[in-house]
Amino acid sequence: QVQLVESGGGSVPTGGSVRLSCRTSGVDFRSTCLRWFRQHPEKEREWVAQIRTGTTFYADSVRGRFTISQDMAKNTVTLQMNRLTVEDSGLYYCAASRIPYSCPDGQHNYDWGQGTQVTVSS
């Protein structure tokens, strides 16, 4: 059974940094696509970044500012967020693909954590 627990959210001023962690269990890091999403109030959930077997991809809005990484020994995936803006505020979710060796579309293809809130103030 897959379990994902996010932590590290909080309130920061514009230009600040936050480091989010997702502690996992039941996830095989060798084959599982791990993603971070975020959701603003009254908006759809937005894909932010992903990592699978060391290969990373980022949404245009965060590329160059955010870094996703994984630590297999600690079963943890991390999102380092720098130069934050108000638009980065939201509830951040960690997600693990249910399909090995694939990063599919569709939220139903993922197991989800409960989310951690990031609030960036101007």
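Residues passing the side-chain contact (heavy atoms from CB on, under 4.5 Å) test with Ser21 are Ser7, Thr76, Thr78, sequence neighbours excluded. With sequence neighbours left out, Asp71 forms a side-chain contact (heavy atoms from CB on, under 4.5 Å) with Ala73, Lys74. A search for side-chain contact (heavy atoms from CB on, under 4.5 Å) contacts involving Gln114 returns Val5, Glu6, not counting sequence neighbours.
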Could you give me the CA-CA distance, side-chain angles and deciding distance for Val2 and Thr24, then say whether side chain to side chain contact (heavy atoms under 4.5 Å, CB included) is met? CA-CA 7 Å; Val2 172; Thr24 75; over 6 Å; no
Between His40 and Glu46, is the side chain to side chain contact (heavy atoms under 4.5 Å, CB included) condition met? List the steps. CA-CA 9 Å; His40 304 280; Glu46 173 190 21; 4.0 Å; yes
Would Arg65 and Asp88 satisfy salt bridge (Lys or Arg N to Asp or Glu O under 4.0 Å), going step by step from the backbone distance to the final call? CA-CA 11 Å; Arg65 300 187 297 122; Asp88 293 317; 2.7 Å; yes
For a side chain to side chain contact (heavy atoms under 4.5 Å, CB included) check, start with the C-alpha distance between Thr32 and Arg52, then their side-chain angles and the critical distance, and finish with the verdict. CA-CA 6 Å; Thr32 302; Arg52 183 175 69 83; over 6 Å; no
Dump the intermediate steps for side chain to side chain contact (heavy atoms under 4.5 Å, CB included) on Arg35 and Cys22, then the final yes or no. CA-CA 10 Å; Arg35 285 181 160 180; Cys22 175; over 6 Å; no
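Membership of the apolar cluster around Trp47 extends to Phe37, Phe57, Leu91, Tyr93, Tyr110, Trp112, as traced through chained side-chain contacts below 4.5 Å between ILVMFWY residues.
Side-chain atoms of Tyr58 come within 3.5 Å of backbone N or O of Ile68 as a donor-acceptor pair.
No side-chain heavy atom of Val27 sits less than 4.5 Å from a side-chain heavy atom of Asn75.
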Just distance, no hydrogens or angles: give the donor-acceptor pairs under 3.5 Å from side chains in residues 98-105, sequence neighbours left out.
unit_1	atom_1	unit_2	atom_2	d
Arg98	NE	Asp111	OD1	3.0
Arg98	NH1	His108	O	3.2
Arg98	NH2	Asp111	OD1	3.1

Identify each donor-acceptor pair in which a side-chain atom of residues 8-17 lies under 3.5 Å from a protein atom, sequence neighbours left out, and give them as a table.
unit_1	atom_1	unit_2	atom_2	d
Thr14	OG1	Ser121	O	2.8
Ser17	OG	Asn82	OD1	2.9

